[in-house]
Structure formats: structure tokens, C-alpha cells
Peer 1: 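Here it is, the structure, as C-alpha cells.
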Amino acid sequence: MLRLAGCATVLLAGVVATPAVRALRWLPTERLVRCWARLLLASLGVRVRPIGVPGKQVGGSLVVSNHISWLDIPLVAAVRPGRMLAKTEVGRWPVLGPLTSWGGTIFIDRERLRALPGTVDEIATALRCGERVVVFPEGSTWCGRVGGRFRPALFEAAVRADVPVQPLVLRYRTAAGPSTAPAFVGEDGLLPSLWRVVSVRGLAAEVEFLPQLPPALFPGRRQLAAAAQRVVDQRRHLDIPDCAACTVPTTAAHPSERPADPSERPADPSAHPSEQPVLVPDREDVLRPRAGAAH
């Protein structure tokens, strides 16, 4: 209960301070966002462990990461803040909705395929202006033991703006090993998920930075997305040698976790045909939300 009270206090402070921070351009916005996000995670009992954080970079970049929980958003902001890409429903959430909107979040309507090219154009414009944009190309949250395929549509923005792609790997751990407690999947609700997070002792969140991927080295968005997924998948499960380990219960595991079915593993994205010069949304470009997806 103390953690929940602390979380509410930090959220309220963020809502109150955001308009002033946006109005006073001379304030160190990125540093303030990092401090606020770390304070929010600390109030929830989550320790942040950055790994391989690069130095200060000039110019825009597209930050891509695996997606496990609603915690991923403040976790990335606590280490390397940027403009987030979120589904339109997030903008209507109480407290968090106005906070994300004021923070410059780019919203995507995942039910309207025709809106996808416009979203890609908006991201590309932000990247050309030197901004950092954070996206979760799996299009939904996963338990952390398995993951989804990186959809190539959003990588088109990096290709058009000619900015590097910065892959990240997010992992949640306790002293006993990897934890799926923060996972927000299936029919999970925000309040039960929040209660599960604040009930865990010694929860640590790792943010590992991987080498950047320049778009010029790849023929198009599909190959760029496939390369980003390969490097993320290689570092996603450091403590899990094979799929059989997914059947071993973990401390504070997510209630909906089940053994991974090899037949459900995503197909190799590198098998796609060559890139077309114009972004034409198709089935594989759709960021289709799963039930209970956090982002």
C-alpha cells in the first residue's frame, strides 16, 4: 500500500509539473524526465539496471525494444527518454493519458490500416528533426519468455529519415532469476498487474543497449526489422538455454504463463521479398493489438 501511495504521488507530481516543463524551454527536460521515471519505478519497488548505455548522441534515432509490460515505458524513459509511440486508447486513460499526451507521445490507431502511412510519416519527420522516437515493433506485450515478430512498417521511418536504429533488450529479474511478474498479457487488467508488481520483492529491470543499425547497410525496412529482431532475440533470454526452460516456474510468475509451443514461434522475417519503394501497408505491417496489450 505504501508503494501504491508513492506511485500516485509521483504520477500527480508529473501531471502538475509537465505544463511548466514544456513552457520553460531552458529547463533540462531530458534529465528531468529521467529523474521522474526513475522515481516512479523506485516508488513501485523496481530497481533500474542500465547496461552498455552509449554516450551522448547527436541527431535522431529510432529506439526499438521487446515489449513485456506497461513498465517498459517508464523503464526506457529512465535511461534514454524519447517520444513514445502508443496506441490511441492510452491517450484516453485517466492521469496517464494527459501525461503521455503532454510528453509528445505519437499515437497510432491500430484498427485503421489506412492511418499507418501517416503515422510513419509523423515518426520520420520527428527523426529528421533530431528527435529520439521509441517504438515497440512487436505490436503487443509478451510474457518475456517468448516474443513476437518485429513488424517492419515502423522501420520505414528510419529508412526515410536515414537515422540509425537503436535496439534495446528489456529484462525483469528477481534474486531467484528471470521474473514474468510485470508481464501484461492475455486478459490481464491494469490494476491486477499493478498489484502484482508492487507485491514483488527485489524486482530489478535491466535495459541493455545493443549496437546501432544504420539503415544504409540494409536493402529496406524488412531486412532492417529482421536484423533488429535477431540481435534482440540473441540477448532476450540470457538465463534460458532452451525452450524447455520455459516450463520451469519462476518466482512471482505471471498467472497466464504457459510453456512455449514451438509451432507458435514467429516465422523468420528475413524470408520476406525485397523492399518496395513506397510504403504499402499489408497484413505483416499491421500492429494488431492483443487483448490486454499495454502499448
Side-chain angles (χ1 to χ4, degrees), residues 18 29-30 33-34 37 59-93 96-142 147-170 184-185 190 207 209 212-213 215 221-222 224-225 228-229 232 279 281 284-290 292-295:
T18 297
T29 305
E30 184 169 320
V33 170
R34 282 203 310 267
S61 63
L62 183 70
V63 179
V64 300
S65 170
N66 59 313
H67 201 11
I68 301 172
S69 171
W70 50 270
L71 272 177
D72 300 346
I73 302 170
L75 178 57
V76 175
V79 181
R80 191 54 60 93
R83 295 185 64 181
M84 294 283 179
L85 179 71
K87 62 182 181 179
T88 53
E89 291 87 341
V90 173
R92 296 191 289 267
W93 286 1
L96 287 178
L99 196 59
T100 55
S101 299
W102 294 337
T105 297
I106 299 173
F107 292 103
I108 179 173
D109 189 346
R110 296 188 293 191
E111 295 296 336
R112 294 179 58 238
L113 184 59
R114 292 182 179 180
L116 182 58
T119 302
V120 172
D121 287 340
E122 186 177 358
I123 297 174
T125 300
L127 294 174
R128 291 191 193 100
C129 293
E131 296 185 87
R132 188 182 303 118
V133 180
V134 181
V135 303
F136 298 97
E138 290 172 312
S140 180
T141 49
W142 296 75
R149 187 170 66 83
F150 279 20
R151 307 292 179 174
L154 300 176
F155 289 83
E156 176 70 13
V159 173
R160 293 182 183 179
D162 192 24
V163 300
V165 171
Q166 173 65 74
L168 300 181
V169 177
L170 306 183
F184 188 63
V185 296
L190 182 59
V207 186
F209 286 74
Q212 291 187 344
L213 303 174
R221 70 176 187 265
R222 303 182 195 279
L224 183 58
Q229 178 164 14
V232 168
L279 174 64
E284 68 184 13
D285 280 338
V286 177
L287 300 178
R288 187 69 62 190
R290 291 162 52 118
H295 207 264

Peer 1: Identify the heavy atoms of Val163 and Ser61 that sit nearest to each other, and give their distance.
Peer 2: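 Closest approach of Val163 to Ser61: CG2-CA, 4.2 Å.
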Peer 1: In the structure I gave you, are the side-chain heavy atoms of Met84 and Val76 within less than 4.5 Å of one another anywhere?
Peer 2: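 Yes, their side chains come closer than 4.5 Å.
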Peer 1: As an exercise, state the distance from CZ of Arg132 to CZ of Arg83, rounded to the nearest 0.5 Å.
Peer 2: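 Output value for this atom pair is 13.0 Å.
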Peer 1: Working to the nearest 0.5 angstrom, can you tell me the gap between Leu170 CG and Ile68 CD1?
Peer 2: 6.0 Å
Peer 1: Any side-chain to backbone donor/acceptor pair from Glu156 onto Arg221? Under 3.5 Å, distance only.
Peer 2: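 It does not hold such a pair.
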Peer 1: Indicate the atoms forming the closest heavy-atom contact of Pro215 with Ala158, along with that distance.
Peer 2: CG-O, 3.7 Å
Peer 1: Write down the atom of Pro167, the atom of Val232, and the distance for their closest heavy-atom approach.
Peer 2: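 Smallest heavy-atom distance, with atoms named: CB-CG2, 4.0 Å.
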Peer 1: Considering only heavy atoms from C-beta outward, does the side chain of Arg128 approach that of Arg160 to under 4.5 Å?
Peer 2: yes
Peer 1: Quick one: closest heavy-atom pair of Pro137 and Ser65, and the distance?
Peer 2: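 Looking at all heavy atoms of both residues, the shortest contact is CD-O, 3.5 Å.
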Peer 1: Between CG of Leu154 and CD1 of Ile123, what distance do you get to the nearest 0.5 Å?
Peer 2: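 Going from the CG atom of Leu154 to the CD1 atom of Ile123 covers 5.0 Å.
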Peer 1: Between Arg34 and Pro81 (side chain of the first, backbone of the second, donor and acceptor by atom type, cut-off under 3.5 Å), is there such a pair?
Peer 2: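 Between the backbone of Pro81 and the side chain of Arg34 there is no qualifying donor-acceptor contact (under 3.5 Å).
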Peer 1: Quick one: pull up OG1 in Thr105 and CD1 in Ile73 and give me the separation to the nearest 0.5 Å.
Peer 2: 8.0 Å
Peer 1: Roughly how far, to the nearest 0.5 Å, is CG of Leu116 from CZ of Arg151?
Peer 2: 11.5 Å
Peer 1: Do you know which two heavy atoms are closest between Ala161 and Ala124, and how far apart they sit?
Peer 2: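 Scanning both residues, the minimum pair turns out to be CB-O, 3.8 Å.
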Peer 1: Within the 4.5 Å heavy-atom criterion, are Arg80 and Leu168 side-chain neighbours or not?
Peer 2: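 No; the side chains remain at least 4.5 Å from each other.
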Peer 1: Between Gln212 and Pro164 (side chain of the first, backbone of the second, donor and acceptor by atom type, cut-off under 3.5 Å), is there such a pair?
Peer 2: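 Side chain of Gln212 to backbone of Pro164: no pair is present.
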Peer 1: Measure across Ala126 and Val133 and return the closest heavy-atom pair with its distance rounded to 0.1 Å.
Peer 2: CB-CG2, 4.0 Å
Peer 1: Determine whether Val64 and Phe136 satisfy the following criterion, side-chain contact (heavy atoms from CB on, under 4.5 Å), listing intermediate values before the conclusion.
Peer 2: CA-CA 6 Å; Val64 300; Phe136 298 97; over 6 Å; no
